[in-house]
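As the structure is a prediction and not an experimental result, all values here were calculated from the model. Hydrogens, waters and symmetry mates play no part in the numbers below; they use all other heavy atoms, side chains included.
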Amino acid sequence: SAASAVYKRQVQAHERFGHIESVKTVSELFAPVSGEVVDVNAALESSPELVNEGPYEEGWLVTIRPSDQGELDGLMDAAKYEEYLGTLDG
């Protein structure tokens, strides 16, 4: 499965580590930080709609154990991300 392909894998920040498919498209997944993938949401194999329905709840993709804690400082929280998305609507 796709999940087993990334589990326990070392990833680098901004590196492509997989993809996610929908009916209309395939999107690449990029690691937000460097570290080890320590968990993969297996529920997405049978219920991929969870990503859209609740990405902060049941729709999470992977858990990465960061190897460089300093990289976390460059991430946005949900509120900042929503604010950022608002700037794209133009």
Exercise for review: For Val23, enumerate each residue passing the side-chain contact (heavy atoms from CB on, under 4.5 Å) test, keeping only those at least two apart in sequence or located in another chain.
Suggested key: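 For Val23 there are no side-chain contact (heavy atoms from CB on, under 4.5 Å) partners, ignoring immediate neighbours.
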**Study point:** Any residue meeting side-chain contact (heavy atoms from CB on, under 4.5 Å) with Ser27, in chain and number order, not counting sequence neighbours
**Key:**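 Ser27: side-chain contact (heavy atoms from CB on, under 4.5 Å) contacts with Ile20, Thr25.
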Taking distance alone, no hydrogens or angles, what donor-acceptor pairs closer than 3.5 Å link side-chain atoms of residues 53-76 to residues at least two apart or in another chain?
from  : atom 1 : to    : atom 2 : distance (Å)
Arg65 : NH1    : Glu36 : OE1    : 3.3
Ser67 : OG     : Ser34 : O      : 3.4
Asp68 : OD1    : Gly70 : N      : 3.0
Glu71 : OE1    : Ser34 : N      : 2.5
Glu71 : OE1    : Ser34 : OG     : 3.4
Glu71 : OE2    : Ser34 : OG     : 3.1

Point to revise | Gap between atom OG1 of Thr87 and atom CD of Glu82 - 0.5 Å precision | key: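 One gets 11.5 Å once the value is rounded to the nearest 0.5 Å.
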Practice item. Using the salt bridge (Lys or Arg N to Asp or Glu O under 4.0 Å) rule, collect all pairs that involve residues 11-26, keeping only residues at least two apart or in two chains. Key: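 Only Arg9-Glu15, Arg16-Glu28 qualify under salt bridge (Lys or Arg N to Asp or Glu O under 4.0 Å).
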Exercise for review: Assess whether atom OH of Tyr81 is packed by more than 12 heavy atoms of other residues, nucleotides or ligands within 6.0 Å.
Suggested key: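 Check fails, neighbour count at 12 or below.
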Exercise for review: State whether the number of non-hydrogen atoms from other residues, nucleotides or ligands found under 6.0 Å of Lys8 atom NZ is greater than 12.
Suggested key: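 More than 12 heavy atoms, drawn from other residues, nucleotides or ligands, come within 6.0 Å of this atom.
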